[in-house]
Protein chains: 2
Amino acid sequence: MSSTPRSPAGRAPDMADVAALAGVSKQTVSRALSNHPNVTARTRAKVEEAVAQLGYRRNAAASMLSSGRSRTIGVVSMPTLNYSSAVISYGMERAARTAGYAVSMATTTSLSPEAIAEAMSRLAEQAVEGIVLVVPLLVGSDATEEISRRIPTVTIDGSRSASTQVVAVDQATVGRVATEHLLSLGHETVWHLAGPGEWVEAGERESGWRAALEAAGRDAPPILRGDWSPESGYQAGLLLARMPEVTAIFASSDEMAFGVIRALHEHGRRVPDDVSVIGVDDIALAAYCSPALTTVAQPFEEIGRLAVGHLIEVIADPDSTPEQTTVDATLIVRGSTAPPA
Amino acid sequence: MSSTPRSPAGRAPDMADVAALAGVSKQTVSRALSNHPNVTARTRAKVEEAVAQLGYRRNAAASMLSSGRSRTIGVVSMPTLNYSSAVISYGMERAARTAGYAVSMATTTSLSPEAIAEAMSRLAEQAVEGIVLVVPLLVGSDATEEISRRIPTVTIDGSRSASTQVVAVDQATVGRVATEHLLSLGHETVWHLAGPGEWVEAGERESGWRAALEAAGRDAPPILRGDWSPESGYQAGLLLARMPEVTAIFASSDEMAFGVIRALHEHGRRVPDDVSVIGVDDIALAAYCSPALTTVAQPFEEIGRLAVGHLIEVIADPDSTPEQTTVDATLIVRGSTAPPA
DNA sequence: ACACAGATTGTTACCGATCTCAACAACTCG
DNA sequence: CGAGTTGTTGAGATCGGTAACAATCTGTGT
């Protein structure tokens, strides 16, 4: 009746202890606990009762060792506090949990293949059964290739390589949609504040932007580049504010967009009256800062879910064909964009 | 020279394989790899060479099983995408990594003791050596108590219980500092938009606010309550905007503060001219949205670091005395607060 | 040169589950 | 009613490391 009656001594109870108490063999206990079909309801009940009575918890290490399965997936992400990875991680954790997997995280401070390989390697040591890279892996090094050949790997918005699957928003479309929105409002052209060069999505959004301008027969102004942070947006904004011909700006993230807007305001250029600004991500604050930000939303949580889903599929059947999955982004028009004055 | 010369067959290389190649015993390999002091430099070099050549990676499960140590700590957090937990997690991961620990995460959607116990239990099953609760645990249930008695547990901003340590910002001081700032500007009183009741920090900030008002001999206006989200701040703001006597508002989070500000603006009340608003957290956007937000910053990364530090200390010496650590918050004055009109 | 302390390496048992395979029971069907 | 089939349970080997202890190899002091 006591709440935690350990078996013999202070030692944590063993499968053997459970077996003894239930009057069956270790093996039967194992089967009962792993929902093996061929176990009598009666036997199963006895085992469960013994488990409850002893407060038994399966030893993950032993289970892992003998079965070779860790029921754990690893996540490599940037420690950046950015909205997208946080939401993606959440989606992954949920999906993993419902599929009976635990999640282990490894962060990397650099996007160099070596740093990423190092993070993957840490996860490999923990015997994860699959890895999700929430960082862009532009080029696969030997090291990353080696690990992802051995451990199923899914990249989010990365580039496709032989041994990794990709789940992604079509970022070129994101760039195109954002740009077309501004053009359709009547702006002559659209300036672009891109994300860092190492990020795949940054490059693709840039391509989309360029393609949209080209399709409309407009010249692409010189590009600006930030690091996703509001501060970098602010710096870029200081430049843009000086050029009267700038009436429309497509920033590759909401945070940069707000930085840009602030710089514009400080220099007397009103948004959206004088300049229209659009971002990407639809962070929680996008609708509540002033002006409310027009942006392109991405279904981050679903992306996380999909990534884990794929991973589990490949874990179950290592020969299944790696495929590329694309999910759609949505334009959300708010107050930061308007027709030119 | 090939990049992945597995030993005998396609099987992953074994410690025995390494030992054979290096011409030493398994045990020596083990020692060399765990940085045991008594290993000749020469031997260590041979082992390392063999490891590199075979692409050997230690099997965590086996190691864990025989040593009884998982070198993993678990984190329980809310899936909320809030800035603070993201930064705290980052600090933890870094600290854990440098200490040679991996991090495993478990999220909980509810703050009920049962839900938290369930998350802790998932971590316990993974044999984590310690747990950090980034969720507030107001009351410890039997289940949480049982686990935290067995596994060292640190709570961030939680309430102190027999078996958990606490790392916290003194949230009452946060509330007091924010309130005093507004009073010192000359506001008659300060309204408060608190966080959800289940959160310890919400309650403590409220106390600090109340205490500051009392110390200044002012009446505490009725309290409003949000859920940390910008939307909830907006809703509260709709109420506050209707009351002309409101000139100063202390919101318990930056995101709520921006929601409040938006509602005020929409109803023609200017910030800070008509109403001053202060938040808590100093999120990245605080300085870049308009108006720039006056706020109280908390050293989240350090909190994460400290939590893990404590945990590792207790893991190393289970008898060390649980102590409460407090770190300081900083008032950051920006444009959203000003003397009353 | 000898005994001895300390450093280095090897031997063996074991951690706690799962897998394989064999034994046994119950049930079907001609 | 016996042979064959399916379902249930048990025994023992095994996964890949590490702890404890034994063995061997230094180098030192007398």
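Chain A is the first sequence line, chain B the second, and so forth, proteins listed ahead of strands; every chain is numbered from 1.
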From the options [options], select the nucleotide whose nearest atom is closest to the side chain of [X].
X	options	answer
A/D14	D/dT8, D/dG10, C/dA17	C/dA17
A/K26	C/dG16, C/dT9, C/dT18	C/dT18
B/R31	C/dT9, D/dG17, D/dA19	C/dT9
A/T40	C/dA17, D/dT9, D/dT18	D/dT9
A/N38	D/dT8, D/dG16, C/dT9	D/dT8
B/S67	D/dA19, D/dG10, D/dG16	D/dA19

Measuring to OP1 and OP2 of D/dT9, would you say a side-chain N or O of A/T43 lies under 4.0 angstrom away?
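A/T43 to D/dT9 OP1/OP2: side-chain N or O found under 4.0 Å.
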Does B/V29 or A/S66 map to a spot on DNA chain D nearer the 5' end, using the closest nucleotide for each?
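Whichever sits nearer the 5' end wins; that is A/S66.
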Hey, does A/V24 reach any base, or is it just sugar-phosphate, or nothing, if we go heavy atoms under 4.0 Å?
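Sugar-phosphate contact only - A/V24 comes under 4.0 Å of backbone atoms but never of a base.
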When the nearest nucleotide of DNA chain C is assigned to B/G23 and to A/S63 on a heavy-atom basis, which residue is associated with the more 5' position?
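Its nucleotide being nearer the 5' end, the pick is B/G23.
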Just by distance, do the side chain of B/S104 and the backbone of A/V103 share a donor-acceptor pair under 3.5 Å?
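Yes.
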B/R58 bridged to A/E125 by N-O distance under 4.0 Å
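Here B/R58 does not pair with A/E125 in a salt bridge, since their nearest N and O are not under 4.0 Å apart.
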